[in-house]
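All values below come from the heavy atoms of this structure, side chains included, with hydrogens, waters and symmetry mates left out. Worth saying up front: this structure is predicted, and the values here are computed from it rather than measured.
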Amino acid sequence: MINTFFLHGRVCPTKAIKEIAEKANEQYTMICLKPDIEWVYLGQERMVQVLEMTGATMVYADRFHKVQGTKSWEISEAPVIDYQIGALRDDFDFGAVLLWDTAKLKALVAQMDTDYEFAGLYDLRLRAEKLEHIPEYLYYEVETDTRKSGEKLFDYVDPRNRAVQIEMEQCVTAHLKRIGAYLKPGDYKELPVTRNPYPVTASVIIPCKNRARTITDAVHSALNQKVRAPYSFNVIVVDDNSTDGTAEKIQAIQDDKLVYIAQDKTWHAIGGNWNVAIHDPRCGKYAIQLDSDDTYFDETTVQRFIDCFESGNYGMVIGTYQLTNMAGEILPPGVIDHREWTDDNGRNNALRINGLGAPRGFYVPLLRTINYPTTKYGEDYAVGLRISRDYPIGRIYDVVYNCRRWEDNSDANCDIVAMNRNNWYKDRLRTWELQARMNS
């Protein structure tokens, strides 16, 4: 009833997928992405049962992770998330076992008209009509990548993976064309204009909550910026009810360019703090991001953003950052320049990747019409997707920002529940954006 085939992970050539389809001669085809799968009693039978009940093209299930400890195997739950049309990330986690309806698999493979070296499985699942998640723990897989979530976060922009990323972009672009969600190069709307004067050219926006250890570095990094006449800037720090002395550290800094906003007790999160800052009458024409635990690379960052905005009709400008520890030492993979962004295809490829880069700058008259979602994760990605649909985004490929990694980063060591929640939300953002592009 089931043919079983093995692939060495989700990165594989189209040739391997075609060979599987050619050899499959049973009703169901199981593709395993890792060796040594151990099944819960009747686990395989349950996958077949759900596949038959739902009429899905493919089913996948929650599983247990096995990690070799010092004395014995350590077992932990490793749930996955529901698939949705916006789940376009090429690193979407299906687990190690994919059970396909063989007839539907063969039909999809017959449509695959590009021979990829790396994107074979990605191409296949993008074409699938229905991918069904079984929220039951049906098998054990050995987990060999035991790095913390913050260490895995930048794998997709590691220069060593560039060839893979180029192919994945080609694959998702072809998919967007098939479903009517592709955006043509240069097809943009006019930016909104305003006759209201701005108090400064640019505002550095620093939202914060309980960052007593790092906020002083961040604020001074912003205040130390140098801009040419006639340009000017200020620094808007929004404190979201800190309880660790952060507010006192901000208030101890005396500088006319510093604007301090203390939030009320209602829910704001990072997105809400940004909204308060950009709608404040003291906000400039351009708003430039600085996270409360990071610093600018040197004193030219704000001027570089102003120059980029002034040189083009951009709704948003994104810079380049480097990863460092708190002592300023470079961490691998070093410089993150998001070279996967291109003027022609960046806004299409944005639906595949998990972030657009940093720091981010915004044209405030536009941002005030869009606003941030009131959330503490993915808020910047949501705004970037929305802007990229209708407006051009400028890029600065020189390093202008230090992304400082430490134990209190929000993504430093997320457990699997938090990672799933974050990934599901970004997939939801992609789903909404994909629907908007298909309907436009």
Do R386 and Y381 have side chains that get closer than 4.5 Å, going by heavy atoms? no

So side chain to side chain donor-acceptor pair (under 3.5 Å) across residues 92-111, not counting sequence neighbours, yields T29-T102, R63-D93

Between I261 and N273, is any pair of side-chain heavy atoms under 4.5 Å apart? no

Residues two or more places apart in sequence or in another chain: which of them pass side chain to side chain contact (heavy atoms under 4.5 Å, CB included) with E329? N325, A327

How many angstroms lie between atom CG of D337 and atom CD1 of I318, to the nearest 0.5 angstrom? 12.0 Å

Tell me every residue that passes salt bridge (charged side-chain N to carboxylate O under 4.0 Å, His left out) with D36, counting only those two or more places apart in sequence or in another chain. none

Run N402 and Y296 through side chain to side chain donor-acceptor pair (under 3.5 Å) and show every step you take. CA-CA 6 Å; N402 299 315; Y296 286 144; over 6 Å; no

Counting only heavy atoms not in Q49, do more than 12 fall under 6.0 Å of its CD? yes

For the residue pair P359 and V400, what are the closest heavy atoms and their distance? CD-CG2, 3.6 Å

Might you point out which heavy atoms bring I206 and S292 nearest each other, and give the distance in Å? CG2-CA, 3.9 Å

Any residue meeting side chain to side chain contact (heavy atoms under 4.5 Å, CB included) with A418, in chain and number order, not counting sequence neighbours: C414, D415, R421

Are K66 and E143 close enough that some pair of their side-chain heavy atoms sits under 4.5 Å apart? no

In short, I17 meets L121 closest at the heavy-atom pair CG1-N, 3.9 Å

Just verifying a value: how many Å separate Y321 OH and I396 CD1, rounded to the nearest 0.5 Å? 15.0 Å

Quick one: are the ring centres of Y286 and F309 less than 6.0 Å apart? yes

Ring pair (Phe, Tyr, Trp, His ring centres under 6.0 Å) contacts touching residues 28-52 (sequence neighbours left out): W39-Y139

Nearest 0.5 Å, what's the CE-CG distance between M316 and D380? 7.5 Å

Shortest non-hydrogen separation from K209 to D240 and the atoms involved: NZ-O, 2.9 Å

Enter the distance from L33:CG to F5:CZ here, rounded to the nearest 0.5 Å. 14.0 Å

Determine yes or no for a side-chain-to-main-chain donor-acceptor pair under 3.5 angstrom, with N349 supplying the side chain and N345 the backbone. no

Other residues, nucleotides and ligands only: do more than 12 of their heavy atoms fall within 6.0 Å of CE on M53? yes

Crowding at CG, D343 (>12 non-hydrogen neighbours, <6.0 Å): no

Pairs involving residues 45-62, ordered by first then second residue, that meet salt bridge (Lys or Arg N to Asp or Glu O under 4.0 Å) (sequence neighbours left out): R46-E136

Is there a donor-acceptor contact under 3.5 Å from the side chain of K130 to the main chain of T54? yes

Rounded to the nearest 0.5 Å, the CE atom of M30 sits from the CG atom of L98 at a distance of 9.5 Å

Indicate yes or no: at least one non-hydrogen side-chain atom of V364 is less than 4.5 angstrom from one of K285. no

Would you say N241 and K265 are linked by a side-chain donor-acceptor pair, where the criterion is simply a distance under 3.5 Å? yes

Only residue of D291, T295, L323, L331 satisfying side-chain contact (heavy atoms from CB on, under 4.5 Å) with R404 is T295

Run the salt bridge (charged side-chain N to carboxylate O under 4.0 Å, His left out) test against R395 and tell me which residues pass, sequence neighbours left out. none

Does the side chain of T431 pick up a donor-acceptor pair with the side chain of Q84 at under 3.5 Å? yes

Taking all atoms of both residues into account, what is the closest heavy-atom pair of L366 and P192, and its distance? CA-CG, 3.8 Å

Apply ring-ring contact (aromatic ring centres under 6.0 Å, His included) to residues F94 and Y83 and explain how you reach the verdict. CA-CA 9 Å; F94 292 101; Y83 195 83; 5.7 Å; yes

So, do M326 and R213 sit near enough that their side-chain heavy atoms are less than 4.5 Å apart? yes

Partners of D298 by salt bridge (charged side-chain N to carboxylate O under 4.0 Å, His left out), sequence neighbours excluded? none

Could you grab the distance from atom CG of D390 to atom CG of L183, nearest 0.5 Å is fine? 8.0 Å

Could you list the residues that satisfy side chain to side chain contact (heavy atoms under 4.5 Å, CB included) with A181, not counting sequence neighbours? L176, I179, L434, R437, M438

Hey, are the side chains of V335 and T320 touching, using non-hydrogen atoms and a 4.5 Å cut-off? yes

Sequence neighbours left out, what passes side chain to side chain contact (heavy atoms under 4.5 Å, CB included) with A119? Give chain and number order. Y116, Y122, E167, M168, C171

Between N348 and T173, a side-chain donor and acceptor under 3.5 Å: no

Looking at every heavy atom in both I393 and Y314, which two are closest together, and how far apart are they? C-CD2, 3.6 Å

Check: residues 73-82 side-chain donor-acceptor pairs under 3.5 Å, at least two apart:
residue	atom	partner	partner atom	Å
E77	OE1	Y137	OH	3.3
D82	OD1	H133	ND1	2.6

Scan residues 5-20 for pairs that pass side chain to side chain donor-acceptor pair (under 3.5 Å), counting only residues two or more places apart or in two chains. K18-D115

